[in-house]
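Note that the structure is predicted; figures quoted are calculated from it, not measured. In each ligand, atom 1 is the first atom listed, and ligand 1 is the first ligand listed.
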Amino acid sequence: MTLDLFGDQPPEPTVEPLVEGAVVLRNFALADAELLLEAIGTVASEAPFRHMRTPGGHAMSAAMSCCGMLGWVTDSRGYRYQEHDPESGRAWPDMPEAFLKLAGSAAEAAGFEGFEPDACLINRYQPGAKMGLHQDKDEEDFSQPIVSVSLGLPIVFQFGGLKRSERPVRVPLGHGDVVVWGGPARMRYHGVLTLKAGEHPLTGPYRYNLTFRRAR
Ligand code: SIN
Ligand code: FE2
């Protein structure tokens, strides 16, 4: 690696192993960030961000939208994937080409070949928003990894064990970082701590997270 004396080169992507089956790909999405954010805007123009309710009736603090064949939804009937946006009754927007390419190449960089997501959940965090520890377990296909892309304001990611009681490690995530977990790590608990207020040159007061899954 060469020393960047003038600060005009984007940082090189690097791979940080977390546990078996999980890695942080630092800066992996940096070069595509503007394209990805533009695509988020297009998706949100068709399927606007909304605060869905948990089965228990609480509004999620992160606002969500989805694209791809399937979208993840939660309401009084529970958590599930469905082909239609409950707000509009229409199919979810197509998965943008830039999303598919990035998800596939990130999975491959983490050692998972041939990842073809059919669902992308887009979380938008405003200051004060968080995501409690949970497993991604509404998918039918656990053989495929989860690819999680961070854009905008930084946050602290928590990556735990296969049991909720296991103490999670804290991983700071910034703009352009990607986390991939699969194989023996696929069912690990994870979440993010509360987003702190800030201003990002590309996303203003927000952090976006794209989570790619193979749901069916
Ligand atoms: C999630 O697990 O659905 C979101 C994680 C994140 O925002 O980084
Ligand atoms: Fe998750």
Proximal ligand 1 atoms for [X], defined as those under 4.0 Å from one of its heavy atoms:
X    : result
R207 : 6 (C), 7 (O), 8 (O)
V192 : 6 (C), 7 (O), 8 (O)
H190 : 2 (O)
H134 : 1 (C), 2 (O), 3 (O)

Taking both backbone and side-chain atoms of D136, is any N or O found less than 3.5 Å from an N or O belonging to ligand 1?
->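 D136 vs ligand 1: no N/O contact under 3.5 Å.
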
Min N/O separation W181 to ligand 1 under 3.5 Å =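 Min N/O separation from ligand 1 is not below 3.5 Å for W181.
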
Single-linkage hydrophobic cluster L151~I146, side-chain heavy atoms < 4.5 angstrom = no

Are L121 and W181 joined in one hydrophobic group, where the rule is that I, L, V, M, F, W and Y side chains link up if heavy atoms are under 4.5 Å apart?
->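 Yes; W181 is reachable from L121 via cluster members.
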
Can you name the nearest heavy-atom pair linking L173 to V24, along with the distance?
->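 Closest heavy-atom pair between L173 and V24: CD2-CG1, 4.2 Å.
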
So that I can tick it off, tell me whether [Y] and [X] are bridged by a salt bridge, with the cut-off set at under 4.0 angstrom between side-chain N and carboxylate O.
X    : Y    : answer
R26  : E16  : yes
R216 : E83  : yes
E139 : R186 : yes
R214 : D118 : yes

Flag yes if more than 12 heavy atoms outside D75 fall under 6.0 Å of its CG atom; otherwise flag no.
-> yes

Just let me know how N123 lines up against ligand 1, side chain, backbone, both or neither, with a heavy-atom cut-off below 4.0 Å.
->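 Just the side chain.
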
shortest atom 5 (C) of ligand 1-to-protein heavy-atom contact is with N209 OD1, 3.8 Å

Can you tell me the protein heavy atom closest to atom 7 (O) of ligand 1 and the distance?
->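 For atom 7 (O) of ligand 1, the nearest protein heavy atom comes out as Y125 OH, 2.6 Å.
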
Show all protein N/O/S atoms under 2.8 Å from the Fe ion (ligand 2), or state that there are none.
->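 Near the Fe ion (ligand 2), below 2.8 Å, one finds H134 NE2, D136 OD1, H190 NE2.
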
H190 (side chain) donor-acceptor with H134 (main chain) under 3.5 angstrom =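 Answer holds: yes.
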
Under the 4.5 Å side-chain heavy-atom rule for ILVMFWY, direct or indirect, which residues accompany L35?
-> none

